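Note that the structure is a prediction, hence the values are computed from the model and not measured.
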Amino acid sequence: MSTVELTKENFDQVVTDNDFILIDFWAAWCGPCRQFAPVFEGASERHADLVFAKVDTEAQPELAAAFEIRSIPTLMIVREKVAVFAQPGALPEAALEDLIGQARKLDMDEVRASIEKGKTQA
């Protein structure tokens, strides 16, 4: 699947319509972002069942601000409308593949229960 360009206009729709999304927050001037781009694109070709999306932080400052992106590249994984992972830094291919495998194995009922438990304790 080709990579989807996320904007403030289509973000909610893409997250609502898809159960598993990997989001790369990046900028054209960012060297590590350019290094990570082919790794991200390669993974998108190997995992055609997942949605791979990019947010250009220069063109979409509202999205970057909404997710408190302080460093790029930042990779975020959203499963069933829940952000289950977010970390800055360019990942090597093996680390990205491992991360995708771990995210696939998550029991989302447990994740949601854990979030609810955390809310009641706050």
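- Val39 and Leu91 make their closest contact through CG1-O, 3.7 Å (heavy atoms, listed as atom of the first residue, atom of the second, distance).
- The closest donor-acceptor contact from the side chain of Gln60 to the backbone of Lys8 lies under 3.5 Å.
- With hydrogens and angles ignored, the 3.5 Å screen pairs no side-chain donor or acceptor of Asp24 with any backbone N or O of Cys33.
- Although no hydrogens or angles enter the test, the distance criterion places no donor-acceptor pair under 3.5 Å between the side chain of Asn18 and the main chain of Ile21.
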Query raised in the report: Can Ile23 and Val78 be said to form a side-chain contact (heavy atoms from CB on, under 4.5 Å), step by step?
Result: CA-CA 8 Å; Ile23 305 170; Val78 178; 4.0 Å; yes

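- Of the possible polar contacts, one joining the Thr57 side chain to the Trp26 backbone as a donor-acceptor pair under 3.5 Å is found.
- In terms of heavy-atom proximity, Leu22 sits nearest to Phe40 at O-CZ, 3.5 Å.
- Minimum interatomic distance between His47 and Phe52 (heavy atoms only, all atoms of both residues): O-CE1, 3.7 Å.
- Between the CG atom of Asp19 and the OG1 atom of Thr16 there is a distance of 10.5 Å, given to the nearest 0.5 Å.
- Between Trp29 and Ile72 the shortest side-chain heavy-atom distance falls below 4.5 Å.
- The CZ atom of Arg112 sits 10.0 Å away from the CD atom of Glu116 when rounded to the nearest 0.5 Å.
- Pairing each heavy atom of Thr3 with each of Lys54, the nearest pair is CG2-CG, 3.4 Å.
- Note: Gln102 CD to Glu97 CD = 12.0 Å, rounded to the nearest 0.5 Å.
- Minimum heavy-atom separation, Asp56 to Glu5: N-OE2, 3.5 Å.
- The distance from atom CZ of Arg104 to atom CG of Asp49, rounded to the nearest 0.5 Å, is 4.0 Å.
- Contact detail for Arg34 and Ala28: the closest heavy-atom pair is NH1-O, 2.8 Å.
- Side-chain contact between Asp17 and Val51 is absent, with no heavy-atom pair separated by less than 4.5 Å.
- Atom OG1 of Thr7 sits about 10.0 Å away from atom CD of Glu62, to the nearest 0.5 Å.
- With Arg79 contributing its side chain and Val84 its backbone, the two residues share no donor-acceptor pair below 3.5 Å.
- With values rounded to the nearest 0.5 angstrom, Leu63 atom CG is found 6.0 Å from Phe11 atom CZ.
- Ring geometry, Phe25 versus Phe67: the interplanar angle falls from 30° to 60°, so the pair is classed tilted.
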